[in-house]
**Q** 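Here's a structure for you.
Here the structure is a predicted model, which means the values were calculated and not measured.
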Amino acid sequence: METETGTIWLTADEQRTWRIHLEVSKLLTHQLERDLQPFGLTYNDYEILVNLSESPERRMRMSDLARATLQSKSRLSHQISRMENAGLVRRENCESDRRGLYAVLTEEGWETMRKVAPHHVSAVREHFIDLLPAEDLAALRRALTPVADHLRAVRGKA
């Protein structure tokens with residue numbers, strides 16, 4: 001149904017799909033966050049640890065880490081300060097760019113990652129992966145890939 005403004009409203013089926021996507025996204029993130037609490041980590045902390053642990057030399061430029069985690073530079077800087085105080089990461093100057101900084105995973109951060117990752121993966125399995133048959137996971141991946149590609153491209157233009 002199109003209105004006088006040109007808006008094409010969602011059909012009832014599209015509306016149900018959109019709303020269940022939002023609900024699952026919020027509920028799953030909330031549950032995974034709760035599962036990280038016993039380790040003293042937030043979901044954002046864990047995402048930073050993952051990014052750093054998977055990067056060469058376990059370090060990333062702060063600007064790249066902000067992009068990877070979809071955080072503003074100032075929000076990331078505040079979070080890195082908290083994680084520095086906990087001994088999980090440290091900042092290092094970038095020799096090739098005096099204004100640049102690296103976030104670096106410390107040994108304590110690496111050990112935390114090694115300890116927490118198996119629990120997180122188990123939680124992802126329990127609350128998501130194991131609830132869907134393999135063919136549905138493949139279909140979901142196929143369905144969401146063009147959305148992710150589009151949103152990455154739109155984000156790159158900003």
**Q** Give the C-alpha distance, both sets of side-chain angles, the deciding distance and a yes or no for side-chain contact (heavy atoms from CB on, under 4.5 Å) between N44 and Y46.
**A** CA-CA 5 Å; N44 287 334; Y46 186 77; over 6 Å; no

**Q** On a heavy-atom basis, which atom in Q79 and which in T42 lie closest, and how many Å separate them?
**A** NE2-OG1, 3.8 Å

**Q** Quick one: does any side-chain atom of T17 pair with a main-chain N or O of D13 as donor and acceptor, under 3.5 Å?
**A** yes

**Q** Measuring from atom CD1 of I80 to atom CD1 of I48, what distance do you get when rounded to the nearest 0.5 angstrom?
**A** 4.5 Å

**Q** Quick one: pull up CG in L65 and CD in E47 and give me the separation to the nearest 0.5 Å.
**A** 8.5 Å

**Q** The test is side-chain contact (heavy atoms from CB on, under 4.5 Å); show your working for R19 and E23 and say whether it passes.
**A** CA-CA 6 Å; R19 288 190 177 170; E23 184 178 17; over 6 Å; no

**Q** If you draw a 6.0 Å radius around CZ in R82, do more than 12 non-hydrogen atoms from other residues or ligands fall strictly inside?
**A** yes

**Q** Checking one residue: L70. Which other hydrophobic residues are in its cluster under the side-chain 4.5 Å linking rule?
**A** none

**Q** Start with the C-alpha distance between L41 and L88, add both sets of side-chain angles, then the distance that settles side-chain contact (heavy atoms from CB on, under 4.5 Å), and finish with yes or no.
**A** CA-CA 10 Å; L41 296 174; L88 301 172; 3.8 Å; yes

**Q** Could you work out, with side-chain hydrogen bond (donor to acceptor under 3.5 Å, both in side chains) as the rule, every residue matching N93, not counting sequence neighbours?
**A** none

**Q** Can you give each donor-acceptor pair under 3.5 Å made by side-chain atoms of residues 32-40, sequence neighbours left out, with the distance rounded to 0.1 Å?
**A**
unit_1	atom_1	unit_2	atom_2	d
E33	OE1	Y43	N	3.1
E33	OE2	Y43	N	3.3
D35	OD1	Q31	NE2	3.0
D35	OD2	H127	NE2	3.3

**Q** Which Ile, Leu, Val, Met, Phe, Trp or Tyr residues join L10 in one cluster when any pair of side-chain heavy atoms under 4.5 Å counts as a link?
**A** W18, L22

**Q** Could you grab the distance from atom OG of S81 to atom CG of L76, nearest 0.5 Å is fine?
**A** 9.0 Å

**Q** Rounded to the nearest 0.5 Å, how far apart are CZ of R59 and OH of Y102?
**A** 4.5 Å

**Q** What I want to check is whether the side chains of T11 and R16 have a donor and an acceptor closer together than 3.5 Å.
**A** no

**Q** Given 3.5 Å as the limit, does a donor-acceptor pair link the side chain of R155 with the main chain of R67, or not?
**A** yes

**Q** Can you name the closest pair of heavy atoms from R61 and G100 and give their distance?
**A** NH2-CA, 3.7 Å

**Q** Quick check: closest heavy atoms across A103 and M62, and the distance to 0.1 Å?
**A** CB-SD, 3.7 Å

**Q** Of all heavy-atom pairs between N51 and A68, which one has the smallest distance, and what is that distance?
**A** OD1-CB, 3.5 Å

**Q** Kindly determine whether T106 and R58 satisfy side chain to side chain donor-acceptor pair (under 3.5 Å), including the steps that lead there.
**A** CA-CA 8 Å; T106 63; R58 297 184 191 143; over 6 Å; no

**Q** State the NE2-CG distance between H21 and L140, to the nearest 0.5 angstrom.
**A** 10.0 Å

**Q** Looking only at non-hydrogen atoms, find the nearest pair between L137 and L132 and report the distance.
**A** CD2-CD1, 3.7 Å

**Q** Are L144 and F128 joined in one hydrophobic group, where the rule is that I, L, V, M, F, W and Y side chains link up if heavy atoms are under 4.5 Å apart?
**A** yes

**Q** Show me the donor-acceptor pairs, under 3.5 Å and distance only, between side chains in residues 111-120 and residues at least two apart or in other chains.
**A**
unit_1	atom_1	unit_2	atom_2	d
T112	OG1	E108	O	2.8

**Q** Test of understanding: clusters of I, L, V, M, F, W, Y form through side-chain heavy atoms closer than 4.5 Å, transitively. Do L105 and V50 belong to the same one?
**A** yes

**Q** Kindly write out the residues that satisfy side-chain hydrogen bond (donor to acceptor under 3.5 Å, both in side chains) with S74, not counting sequence neighbours, or none if the list is empty.
**A** S72

**Q** How long is the straight-line distance from CD1 of I129 back to OG of S122, given to the nearest 0.5 Å?
**A** 12.0 Å

**Q** Could you walk me through whether H30 and L27 satisfy the side-chain contact (heavy atoms from CB on, under 4.5 Å) test, starting with their C-alpha distance in whole Å, then the side-chain angles of each, then the deciding distance to 0.1 Å, before giving a yes or no?
**A** CA-CA 5 Å; H30 176 76; L27 287 169; 5.6 Å; no

